[in-house]
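Residue numbers run from 1 in the order of the sequence given.
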Amino acid sequence: MISAGTGTADDKTPRTERGRRTLRKLLDASAIEFGEKGFHEASVSSITRRAGVALGTFYTYFDSKDALFRALVRDMSGNVMSSARSALAKDMGALEIEEAALAAFLRFAREHKEIYRIIDEAEFVDPASYRTHYETIASRIASRLEAGGQSGELRSDLGELEAWAVMGMNVFVGLRYVVWGEEGDANGDKPLSPDQIASRVNRLLANGVAPR
């Protein structure tokens, strides 16, 4: 189950624990529905059936399928960042932080593979949420790289461009090894775990690709 994140418009935000549980059911059901069918083929009636709530209850929380989709994108984006934060410890070095954050993201994506389809569809269904999702993650990575530069653990000239490069690498590694299949690579026939994948990516960050 996806943990609770951002939900509805202020005037529809549930005030009770029961209401919050119902909202959570709708968000979880919509993640499955949108992940399986895509935005255009998904229906409110099917989402409410999955959630086990009455069709009329849906409109207590959302004005439309579009509103639910926007809330789901915000919710999933928040959970991606929460999963990364929860894997970090204060005593970690700069490279350790990047490795732990990537491993946490890969574990999250393995449990919620639908996130890739949902975020991709957001580019066309809700471009603002799509852009905010990536800009927010890139900003967090840039802040971590800057902190590593200030501590002397990383180069001092790392910034937004490098943050987007790191994020892009992480996203596509997850696509290949989590969404498309937990398979080995050309150097071995055993499936790679999130920790192994993160370690390999981290080695690339630390050493680059040029021979030394």
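No donor-acceptor pair closer than 3.5 Å links the side chain of Ser46 to the backbone N or O of Ala42. Side chain of Ser199 to main chain of Asp195: no donor-acceptor pair is present (N/O by atom type, distance under 3.5 Å, no hydrogens or angles). The main-chain N or O of Gly78 is found under 3.5 Å from a side-chain atom of Ser82 such that the two form a donor-acceptor pair. The backbone N or O of Ser83 sits less than 3.5 Å from a side-chain atom of Ser86, completing a donor-acceptor pair. Looking only at distances, a side-chain donor or acceptor of Lys65 sits under 3.5 Å from a matching main-chain atom of Phe39. Formation of a donor-acceptor pair under 3.5 Å by the Tyr116 side chain with backbone atoms of Val171 is found in this model. Here the side chain of Thr136 pairs no donor or acceptor atom with the backbone of His133 at under 3.5 angstrom.
Expressed to the nearest 0.5 Å, how far CD of Glu160 lies from CG of Leu145 amounts to 11.5 Å. Leu23 contributes atom CG, which lies 8.0 Å from atom OG1 of Thr13 (distance to the nearest 0.5 angstrom). In this structure, the separation between NZ on Lys113 and CZ on Phe108 is 13.5 Å, given to the nearest 0.5 Å. Put simply, CZ on Phe172 and CH2 on Trp180 are 8.0 Å apart, with the number rounded to the nearest 0.5 Å. For the atom pair CZ (Arg200) and CG (Leu205), the distance works out to 13.5 Å, reported to the nearest 0.5 Å. Rounded to the nearest 0.5 Å, atoms CG (Asn79) and CD (Glu111) are 13.0 Å apart.
With sequence neighbours left out, the salt bridge (charged side-chain N to carboxylate O under 4.0 Å, His left out) criterion links Arg144 to Glu98. Scored by the salt bridge (charged side-chain N to carboxylate O under 4.0 Å, His left out) test, Glu121 finds Arg117 as partners (sequence neighbours excluded). Partners of Ser151 by side chain to side chain donor-acceptor pair (under 3.5 Å), not counting sequence neighbours, listed by chain and number: Glu153. Contacts of Glu96 classified as salt bridge (charged side-chain N to carboxylate O under 4.0 Å, His left out), with partners at least two apart in sequence or in another chain: none. With sequence neighbours excluded, the residues satisfying side chain to side chain donor-acceptor pair (under 3.5 Å) with Asp126 are Ser129. Residues satisfying the ring pair (Phe, Tyr, Trp, His ring centres under 6.0 Å) criterion with Tyr134, sequence neighbours excluded, are Tyr130. Residues passing the side chain to side chain donor-acceptor pair (under 3.5 Å) test with Arg131 are Glu135, sequence neighbours excluded. Take Arg155 and apply the salt bridge (charged side-chain N to carboxylate O under 4.0 Å, His left out) test, not counting sequence neighbours, and it matches Asp157. Qualifying side chain to side chain donor-acceptor pair (under 3.5 Å) partners for Thr16, counting only residues two or more places apart in sequence or in other chains: none. Residues satisfying the ring pair (Phe, Tyr, Trp, His ring centres under 6.0 Å) test with Phe105, not counting sequence neighbours, are none.
No more than 12 heavy atoms of other residues, nucleotides or ligands sit less than 6.0 Å from atom CZ of Arg203. Applying the 6.0 Å contact sphere to CD of Glu17 captures more than 12 heavy atoms from other residues, nucleotides or ligands.
Ala104 approaches Ala87 most closely through the heavy-atom pair CB-CB, 3.7 Å. Residues Pro194 and Ala103 share a closest heavy-atom pair of CB-O, 3.9 Å.
Through side-chain heavy atoms spaced under 4.5 Å, either directly or across other Ile, Leu, Val, Met, Phe, Trp or Tyr residues, Met92 is tied to Leu88, Ile97. Residue Leu161 shares its hydrophobic cluster (ILVMFWY side chains chained together at separations under 4.5 Å) with no other residue.
Met76 pairs in a side chain to side chain contact (heavy atoms under 4.5 Å, CB included) with only one of the listed residues (Val73, Val80, Leu72), which is Leu72.
Remark: Arg24 engages Asp28 in a salt bridge, criterion side-chain N to carboxylate O under 4.0 Å. Ion pair Glu36/Arg50 flagged as a salt bridge, since at least one NZ, NE, NH1 or NH2 atom sits closer than 4.0 Å to an Asp/Glu carboxylate oxygen.
Between Trp164 and Ile137, the closest side-chain pair of non-hydrogen atoms is not below 4.5 Å. For the pair Ile32/Glu114, no side-chain contact is recorded, criterion being any heavy-atom separation below 4.5 Å from C-beta on. Taking 4.5 Å as the limit, every side-chain heavy atom of Val44 sits out of range of all side-chain heavy atoms of Phe62. Side chains of Leu158 and Glu146 form no contact here, defined as non-hydrogen atoms less than 4.5 Å apart. A 4.5 Å side-chain heavy-atom check between Val201 and Val173 finds at least one atom pair inside the cut-off. Under the 4.5 Å side-chain criterion, counting only non-hydrogen atoms from C-beta, Arg110 is not in contact with Leu106. Two residues are said to be in side-chain contact when any heavy atoms from C-beta on lie closer than 4.5 Å; Phe58 and Leu26 meet this criterion.
With 3.5 Å as the limit, one finds no donor-acceptor pair spanning the side chains of Ser77 and Arg74.
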